[in-house]
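Here is the naming used below: chain letters follow the sequence lines, and residue numbers restart at 1 for every chain.
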Amino acid sequence: GAVVSQHPSWVICKSGTSVKIECRSLDFQATTMFWYRQFPKQSLMLMATSNEGSKATYEQGVEKDKFLINHASLTLSTLTVTSAHPEDSSFYICSAPDAPAGTQYFGPGTRLTVL
Amino acid sequence: AQSVTQPDIHITVSEGASLELRCNYSYGATPYLFWYVQSPGQGLQLLLKYFSGDTLVQGIKGFEAEFKRSQSSFNLRKPSVHWSDAAEYFCAVCQTSYDKVIFGPGTSLSVIP
């Protein structure tokens with residue numbers, strides 16, 4: 001079946017650096033993708049909606065200048081955490097709807113640790 | 001706005017016992033409903049989903065859930081729990097199958113031998 005991949009699966013970076021996370025839809029096209037964040041022992045919270053060919057839509061409280069989203073193609077969305085700080089350490093998960101199939105697929109997640 | 005509540009933060013059951021995890025949602029129309037399971041440090045696994053039709057939905061790993069419109073509930077059940085079922089369980093809702101997903105706070109399940 002359709003799969004959504006994320007790369008990398010985990011990353012450790014120094015405070016102040018930027019980190020890019022990729023989300024790819026395999027075998028289907030996704031004009032929309034969603035980015036979620038999950039802090040330890042908490043639920044998943046929607047960060048933003050990534051729209052192919054247009055600007056992302058951010059949820060209230062999410063800094064758009066810090067979390068840059070680029071949906072450059074119908075199969076790829078990237079989330080860049082700029083000037084990362086330890087409080088940005090989290091599990092980032094993307095999802096992509098397969099509209100013709102009427103379902104949505106989640107990626108395996110990317111664990112970010114900022115030292 | 002859509003919201004999902006899971007009243008039980010943590011549940012402990014004995015292996016072989018039955019299980020019911022509660023989920024209530026708030027939404028004007030009938031939403032798309034899901035149950036996901038997440039093991040520590042892992043991603044999400046879809047257990048089952050409800051869109052329409054039969055209100056009793058069968059999922060993987062022996063789980064089932066029943067949609068009750070009058071109670072705005074979508075409780076997850078399993079007749080006999082296995083030790084490997086210990087994990088975090090999330091109830092979730094969305095407006096359509098391709099809309100953003102709203103997750104409940106989760107219920108942590110522990111299984112004792």
Side-chain angles (χ1 to χ4, degrees), chain A residues 1-10 21 23 25 28-52 56-60 62 77 89-113, chain B residues 1-11 21-25 27 30-53 57 59-60 76 86-110:
Chain A
V3 174
V4 171
S5 68
Q6 285 185 237
H7 178 81
S9 56
W10 59 270
I21 302 170
C23 177
S25 59
F28 71 99
Q29 295 180 333
T31 57
T32 300
M33 292 185 179
F34 301 100
W35 286 96
Y36 299 83
R37 180 169 55 184
Q38 184 182 31
F39 291 110
K41 299 191 181 301
Q42 294 188 25
S43 186
L44 285 81
M45 298 298 293
L46 179 69
M47 297 177 66
T49 301
S50 173
N51 303 299
E52 189 270 334
T57 304
Y58 292 83
E59 295 298 300
Q60 189 174 7
V62 177
S77 174
S89 298
S90 187
F91 195 49
Y92 293 86
I93 301 176
C94 69
S95 72
D98 183 356
T103 191
Q104 185 161 174
Y105 300 98
F106 282 84
T110 296
R111 186 161 304 282
L112 169 64
T113 301
Chain B
Q2 299 176 52
S3 67
V4 181
T5 57
Q6 294 178 247
D8 304 304
I9 297 174
H10 184 258
I11 285 181
L21 302 182
R22 296 182 291 166
C23 172
N24 293 96
Y25 66 90
Y27 187 62
T30 300
Y32 288 68
L33 296 159
F34 309 86
W35 274 100
Y36 290 90
V37 61
Q38 185 180 38
S39 296
Q42 302 297 311
L44 298 173
Q45 182 178 25
L46 178 65
L47 289 176
L48 46 78
K49 59 187 177 184
Y50 173 79
F51 293 166
S52 63
V57 181
I60 62 172
L76 181 71
E88 190 80 18
Y89 290 80
F90 295 100
C91 182
V93 59
C94 64
Q95 183 174 349
T96 67
S97 62
Y98 44 88
D99 199 3
K100 59 186 179 183
V101 178
I102 307 300
F103 288 86
T107 296
S108 176
L109 174 65
S110 296

K.L.:
Shorter than 4.5 Å, heavy atoms on both sides: which option in B:Tyr36, B:Phe34, B:Phe51 has the most such pairs with chain A?
P.N.:
B:Tyr36
K.L.:
Using a cut-off of under 4.5 Å on heavy-atom pairs, state which of A:Pro97, A:Ser9, A:Gly107, A:Pro108 scores highest against chain B.
P.N.:
A:Pro97
K.L.:
How far does NZ of B:Lys100 sit from CE of A:Met47, to the nearest 0.5 angstrom?
P.N.:
14.0 Å
K.L.:
Quick check on A:Gln6 against chain B: is it the side chain, the backbone, both or neither that has a heavy atom closer than 4.5 Å?
P.N.:
neither
K.L.:
First locate atom CZ of A:Phe34, then atom CG of B:Asp99, and finally report the distance between them rounded to the nearest 0.5 Å.
P.N.:
5.5 Å
K.L.:
Quick one: are B:Leu44 and A:Leu44 in side-chain contact, heavy atoms under 4.5 Å?
P.N.:
yes
K.L.:
Need one label for A:Gln104: side chain, backbone, both or neither, based on atoms under 4.5 Å from any heavy atom in chain B.
P.N.:
both
K.L.:
Can you tell which part of A:Leu46 gets under 4.5 Å to a heavy atom of chain B, answering side chain, backbone, both or neither?
P.N.:
side chain
K.L.:
Suppose we call two aromatic rings close when their centres sit under 6.0 Å apart. Are A:Phe28 and B:Tyr98 close by that rule?
P.N.:
no
K.L.:
Of the non-hydrogen atoms in B:Gly104 and A:Ser43, which two are nearest, and what is the gap between them?
P.N.:
O-OG, 2.5 Å
K.L.:
Check whether more than 12 heavy atoms from other residues, nucleotides or ligands sit under 6.0 Å from atom CD1 of B:Ile9, and answer yes or no.
P.N.:
no
K.L.:
Restricting to non-hydrogen atoms, name the atom on A:Phe106 and the atom on B:Val101 that form the minimum distance, rounded to 0.1 Å.
P.N.:
CZ-CG2, 4.0 Å
K.L.:
In terms of heavy-atom proximity below 4.5 Å to chain B, should A:Thr32 be classed as side chain, backbone, both, or neither?
P.N.:
neither
K.L.:
What part of B:Gln38 lies closer than 4.5 angstrom to a heavy atom of chain A: side chain, backbone, both or neither?
P.N.:
side chain
